[in-house]
Amino acid sequence: MGVWKKLRHNWKEMVEVTKEKDPAFYMAVEVFLYPCFWAIINHRVAHWLYKKHHLILAQIISKWTRFITGIEIHPGATIGKRFFIDHGMGVVIGETAEIGNNVMLYHGVTLGGTGKQKGKRHPTVEDNVTIGAGTIVLGPVTIGKNAKIGAGSLVLKDIPANTTAVGSPARVVRKHQEKSEGKNEITA
């Protein structure tokens, strides 16, 4: 798939996701005004360069994107489809972070490391996860599928699938039934 075809595909996907996740969204052309759109598009380019070992160019794109959007995504981070960041200012995603499909982050979320060790040192966020504003997730923890993390939480341990966690440190306060195939809602 050519670059323009990929860009068009990403734009269409972003329009769909934005319509679904943001009630203030009115027109498809608005997606070009969303910092999230530019952060994700530029990250995909930087990630491709990073995997090809063009590390300096990848970092330049990443730093420029942080400057214009307020969203910092390391070029080494892996991000799935239908990823959305609402507002976005202050979001930080570390090098070894892995983000699944249909994940939503609010502003001020950090997916960070806890030290200078080598290897996996950032979180794994599985599919269909929502992480509230100002949440900090540190270390090689896993947030399970369909989990919800409340705003302002501090996550230092794994969060099981199909749960809601809140607090500092985060603790599970609610368990949900597994999602039915094809549904986008979690039922209690």
Side-chain angles (χ1 to χ4, degrees), residues 1-113 116 119-140 143 149 151 155:
M1 190 183 302
V3 171
W4 292 111
K5 232 178 191 176
K6 281 184 181 181
L7 182 60
R8 191 171 71 226
H9 172 75
N10 281 325
W11 177 75
K12 285 180 178 180
E13 183 178 271
M14 195 64 186
V15 168
E16 276 179 35
V17 170
T18 305
K19 271 186 195 175
E20 178 186 312
K21 307 242 185 214
D22 188 351
F25 181 74
Y26 297 105
M27 298 179 292
V29 74
E30 275 184 283
V31 87
F32 290 112
L33 300 174
Y34 276 67
C36 172
F37 172 76
W38 294 107
I40 292 168
I41 293 295
N42 290 348
H43 171 72
R44 300 225 189 270
V45 172
H47 185 68
W48 182 84
L49 289 166
Y50 184 86
K51 287 173 40 179
K52 299 284 185 188
H53 302 287
H54 299 293
L55 305 181
I56 299 298
L57 189 52
Q59 285 287 356
I60 289 169
I61 291 169
S62 175
K63 299 308 182 223
W64 172 249
T65 302
R66 180 184 67 183
F67 176 74
I68 63 170
T69 67
I71 299 169
E72 181 175 347
I73 307 173
H74 191 284
T78 304
I79 296 175
K81 295 178 181 184
R82 299 180 53 77
F83 176 58
F84 186 73
I85 304 170
D86 194 16
H87 294 288
M89 184 59 76
V91 168
V92 177
I93 300 171
E95 179 182 21
T96 61
E98 298 173 59
I99 299 172
N101 298 321
N102 201 37
V103 169
M104 182 169 175
L105 306 182
Y106 286 89
H107 63 279
V109 169
T110 297
L111 302 179
K116 295 183 180 185
K120 177 75 169 145
R121 60 191 187 283
H122 297 95
T124 297
V125 179
E126 295 183 346
D127 297 344
N128 305 310
V129 169
T130 300
I131 302 178
T135 295
I136 300 171
V137 185
L138 295 177
I143 299 177
I149 310 298
V155 179

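Nothing here was measured: the structure is a model prediction, and the numbers come from that model. When a residue number appears, it is its place in the shown sequence, counting from 1.
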Checking K116 now: which residues fulfil side-chain contact (heavy atoms from CB on, under 4.5 Å) with it, not counting sequence neighbours? none
First locate atom CH2 of W48, then atom NE2 of H43, and finally report the distance between them rounded to the nearest 0.5 Å. 14.0 Å
Please list, chain by chain and in numerical order, all residues satisfying side-chain hydrogen bond (donor to acceptor under 3.5 Å, both in side chains) with Y34, sequence neighbours excluded. D22
Those residues that, when tested against H122, pass side-chain hydrogen bond (donor to acceptor under 3.5 Å, both in side chains) (two or more places apart): T96
Side-chain heavy-atom pair I149, T130 within 4.5 angstrom cut-off: no
From OH (Y26) to NZ (K19), nearest 0.5 Å: 14.0 Å
How close do I79 and R44 get, heavy atom to heavy atom, and via which atoms? O-NH1, 3.0 Å
Pair up each side-chain donor or acceptor in residues 59-69 with any protein partner under 3.5 Å, not counting sequence neighbours, and list the distances.
residue : atom : partner : partner atom : Å
Q59     : OE1  : K63     : NZ           : 3.2
Q59     : NE2  : H74     : NE2          : 3.2
S62     : OG   : I73     : O            : 3.0
T65     : OG1  : N42     : ND2          : 3.0
T65     : OG1  : I61     : O            : 2.8
R66     : NH1  : E72     : OE1          : 3.3
T69     : OG1  : T65     : O            : 2.7
T69     : OG1  : I71     : N            : 3.1

Just by modelled atom types, is the N101 backbone N or O under 3.5 Å from a matching donor or acceptor in the D127 side chain? yes
Can you list the residues that meet the salt bridge (Lys or Arg N to Asp or Glu O under 4.0 Å) rule with E16, with sequence neighbours excluded? R82
Flag side-chain contact, heavy atom, 4.5 Å: E20 against V15: no
Side chain proximity check, L111 to I131, heavy atoms < 4.5 angstrom: yes
Would you say that more than 12 heavy atoms from the other residues, nucleotides or ligands in this model lie under 6.0 Å from the CG of L33, or not? yes
One pair to check against side-chain contact (heavy atoms from CB on, under 4.5 Å): N102 and K21. What are the steps and the verdict? CA-CA 10 Å; N102 201 37; K21 307 242 185 214; 3.4 Å; yes
Would you please name every residue forming a salt bridge (Lys or Arg N to Asp or Glu O under 4.0 Å) with K120, sequence neighbours left out? E98
Mind checking the CD1-CG spacing from I99 to L105? Nearest 0.5 Å is all I need. 5.5 Å
Provide the closest heavy-atom pair for A46 versus A58 in the form atom of the first, atom of the second, distance. O-CB, 3.3 Å
Kindly list each side-chain donor-acceptor pair under 3.5 angstrom involving residues 83-95, sequence neighbours excluded, with atom names and distances?
residue : atom : partner : partner atom : Å
E95     : OE1  : R121    : NH2          : 2.6
E95     : OE2  : Y50     : OH           : 2.3

